[in-house]
Amino acid sequence: MELIFEKSVAGKKLALLPDCDVPEVEFDAALCRSSKPELPEVSETEISRHYSKLAHRAYGVNDGFYPLGSCTMKYNPKVNEDAAALEGLTDIHPLQPVSSMQGWLELYDTAEMYLKEITGMDAVCFQPAAGAHGEFTGIQLIKAYHVANNDIKRNKIIVPDSAHGTNPASGSMCGYEVVSVPSNEDGGIDLEQLAAAVGDDTAGLMLTNPNTLGIFDKNILKITEIIHDAGGLCYYDGANLNAVMGIVRPGDMGFDVMHMNLHKTFSTPHGGGGPGSGPVACKDFLAGFLPGMRIDKKADGTYDMTAAENTIGSVGEFYGNALVVAKALTYLLTLGREGVPEAARNAVLNANYMKAKLEKEYDIPYDKGCLHEFVISAVELKKETGVSAMDVAKSLIDYGIHPPTIYFPLIVHEALMFEPTETETKETIDNAVSVLLKIKEDAYSDPEKLHGAPHNAAIKRPDEVKAARHPIVRYDFEKEE
């Protein structure tokens with residue numbers, strides 16, 4: 001497919017802009033470009049077709065089954081979009097006087113109230129723009145707490161070996177040494193190894209429960225107790241909250257701070273760079289360190305904005321991605337107190353149903369019942385046929401199914417991690433199961449077919465390592481010349 005710059009022909013134009021209805025301003029020459037921007041010159045028809053073709057190449061939850069493990073790619077109800085498009089929410093500027101933003105502040109206050117109830121926390125900050133951003137913020141709160149208590153010898157963050165890759169990255173970015181603790185035979189964190197790893201240099205623990213294997217750690221209260229007894233704090237990675245929302249609360253598990261992914265758990269679109277939202281929630285003793293401005297409800301029912309007493313500063317612009325919060329609140333108001341846990345139970349039901357349909361044909365290393373997701377290993381399949389987890393994932397594309405997460409968690413070799421979410425029907429899951437069984441059959445009868453998959457996609461098998469390490473993100477005009 002041609003780039004828009006490759007379609008450019010000098011002299012082509014779109015529709016004419018209307019006459020300028022505001023006074024023209026002459027800027028200082030030092031602030032102006034010395035040459036015109038190199039913008040593509042195309043007709044309105046061409047640019048319309050160009051973006052339509054791009055849209056057809058994209059794949060999202062509206063296109064088909066999207067079982068990307070640990071990502072909770074659930075369907076996003078259109079009522080969320082309708083609510084976020086209301087003029088009263090969109091026709092506003094973050095620098096307006098607080099007195100003119102009372103509706104928005106009430107919306108934020110209501111969303112915070114619901115999220116505190118769901119998480120078991122005491123305060124919420126909406127400024128972080130994504131999950132990893134929330135992790136970074138949460139660990140900064142832990143760091144600020146220890147510094148405030150002059151306990152600066154604590155320089156280690158504990159993470160399980162099944163942790164999300166962002167966990168050790170967040171700990172390291174905050175200046176901590178990251179210590180990995182192995183999992184036990186049940187897929188949970190090894191208590192003896194954990195106890196041996198902690199000490200007076202432990203700043204905190206980062207983990208998600210259920211973990212990336214889809215397993216709820218039955219020892220979670222003991223885990224958080226071990227950290228607290230050592231003087232550390234416990235951080236909950238909310239990436240897998242969808243499995244337990246409304247049923248069990250991280251705050252009741254012993255966690256002190258956490259992030260949520262509004263663009264996962266609370267059904268707002270994500271992917272393609274945003275917009276996301278990763279609010280941080282914490283217990284009272286950490287609330288004084290929260291970033292940005294806090295919503296303060298006065299006795300007369302009006303709202304104001306104030307900074308936390310010992311705030312760590314700001315981690316983003318203004319109040320976060322506001323319209324994402326509006327969508328999440330719409331979702332919560334739609335489901336209500338009964339609907340939130342029902343959604344979680346249906347997510348668990350769908351994952352267990354799909355796992356049960358596959359467990360006789362595929363190797364499932366931790367086969368003790370899962371919550372929202374489960375992990376398949378293609379080690380034996382690869383040993384017997386040469387067909388890898390990558391081959392299976394690429395083959396799914398030919399059947400109109402988005403591949404699952406692969407080669408993660410790292411403790412499972414040749415891993416394929418499926419998370420069907422609660423919004424998929426039994427028929428959709430049955431079809432995906434039949435496709436996976438057909439792929440296994442092909443692995444034994446025609447492995448070369450799978451090695452070459454996908455056969456029907458616009459892009460076959462690019463050099464993904466090169467694409468990640470050396471992305472081409474700008475057009476080379478000199479090369480054209």
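From a predicted model like this one, the values you see are computed outputs, not experimental measurements.
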Are [X] and [Y] side-chain neighbours, meaning at least one heavy-atom pair lies under 4.5 Å?
| X | Y | value |
| --- | --- | --- |
| Tyr353 | Lys426 | yes |
| Thr137 | Cys125 | no |
| Lys7 | Pro40 | no |
| Ile411 | Leu213 | yes |
| Leu416 | Val392 | yes |
| Met258 | Val280 | no |
| Asp363 | Val379 | no |
| Thr119 | Met260 | yes |

In terms of the angle between their ring planes, are [X] and [Y] parallel, tilted or perpendicular, with boundaries placed at 30° and 60°?
| X | Y | value |
| --- | --- | --- |
| Phe289 | Tyr145 | perpendicular |
| Phe5 | Phe477 | perpendicular |
| Tyr236 | Phe255 | perpendicular |

Salt-bridge criterion met for Lys394 and Glu464 (N-O under 4.0 Å): yes

Sidechain N-carboxylate O distance under 4.0 Å for Glu441, Lys438: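 Here Glu441 does not pair with Lys438 in a salt bridge, since their nearest N and O are not under 4.0 Å apart.
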
Mark yes or no for whether [X], through its side chain, and [Y], through its backbone, hold a donor-acceptor pair below 3.5 Å.
| X | Y | answer |
| --- | --- | --- |
| Ser172 | Pro168 | no |
| Gln193 | Pro182 | no |
| Lys283 | Gly251 | yes |
| Asp200 | Lys153 | no |
| Asp256 | Cys234 | yes |
| Asn167 | Ala163 | no |

Crowding at [atom1], [X] (>12 non-hydrogen neighbours, <6.0 Å):
| X | atom1 | answer |
| --- | --- | --- |
| Arg337 | CZ | no |
| Lys78 | NZ | yes |
| Lys222 | NZ | no |
| Leu3 | CG | yes |
| Ile459 | CD1 | no |
| Glu44 | CD | no |
| Glu192 | CD | no |
| Lys382 | NZ | no |

Do [X] and [Y] pair up side chain to side chain, a donor and an acceptor below 3.5 Å, judged on atom types alone?
| X | Y | answer |
| --- | --- | --- |
| Tyr399 | Asn456 | no |
| Glu419 | Thr72 | yes |
| Ser8 | Glu41 | no |
| Glu384 | Tyr444 | yes |
| Asp398 | His455 | no |
| Thr425 | Thr428 | yes |
| Glu46 | Ser43 | yes |
| Asp161 | Ser183 | yes |
| Tyr407 | Glu414 | yes |

Criterion side chain to side chain donor-acceptor pair (under 3.5 Å) on Asn242 and Glu422, from CA distance to verdict: CA-CA 9 Å; Asn242 196 61; Glu422 73 275 17; 3.1 Å; yes

Can you tell me how far [atom2] of [Y] sits from [atom1] of [X], rounded to the nearest 0.5 angstrom?
| X | Y | atom1 | atom2 | result |
| --- | --- | --- | --- | --- |
| Leu205 | Ile158 | CG | CD1 | 7.5 Å |
| Asp252 | Ile220 | CG | CD1 | 12.0 Å |
| Ile439 | Ile401 | CD1 | CD1 | 7.0 Å |
| His164 | Asn211 | NE2 | CG | 9.0 Å |
| Arg461 | Asp391 | CZ | CG | 4.5 Å |
| His56 | Asp63 | NE2 | CG | 9.5 Å |

Could you go through the side-chain contact (heavy atoms from CB on, under 4.5 Å) check for Val244 and Leu371 one step at a time? CA-CA 8 Å; Val244 296; Leu371 289 193; 4.1 Å; yes

Just do the salt bridge (charged side-chain N to carboxylate O under 4.0 Å, His left out) check on Arg154 and Asp201 with the steps written out, would you? CA-CA 4 Å; Arg154 298 186 180 275; Asp201 59 355; over 6 Å; no

Between Lys355 and Tyr362, is a side chain to side chain donor-acceptor pair (under 3.5 Å) present by the stated rule, with each step listed? CA-CA 9 Å; Lys355 181 175 78 70; Tyr362 280 91; over 6 Å; no

Is there a side chain to side chain donor-acceptor pair (under 3.5 Å) between His372 and Asn350 once you walk through the steps? CA-CA 8 Å; His372 64 303; Asn350 276 354; over 6 Å; no

Check for me whether the distance between the ring centres of Phe374 and Phe418 falls short of 6.0 Å. yes

Tell me, with the steps shown, if Asn76 and Glu81 meet side chain to side chain donor-acceptor pair (under 3.5 Å). CA-CA 8 Å; Asn76 309 299; Glu81 304 293 331; 5.9 Å; no

So which heavy atom on Val181 is nearest to which on Ala197, and how close?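 Heavy atoms of Val181 and Ala197 come nearest at CG2-CB, 4.1 Å.
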
With side-chain contact (heavy atoms from CB on, under 4.5 Å) as the criterion, how do Thr265 and Leu262 come out once you've worked through the C-alpha distance, each side chain's angles and the decisive distance to 0.1 Å? CA-CA 6 Å; Thr265 312; Leu262 298 191; over 6 Å; no

Just do the side-chain contact (heavy atoms from CB on, under 4.5 Å) check on Tyr176 and Lys156 with the steps written out, would you? CA-CA 5 Å; Tyr176 287 114; Lys156 291 185 174 64; 6.0 Å; no

Tell me, with the steps shown, if Glu185 and Tyr366 meet side-chain contact (heavy atoms from CB on, under 4.5 Å). CA-CA 8 Å; Glu185 60 183 10; Tyr366 297 91; over 6 Å; no

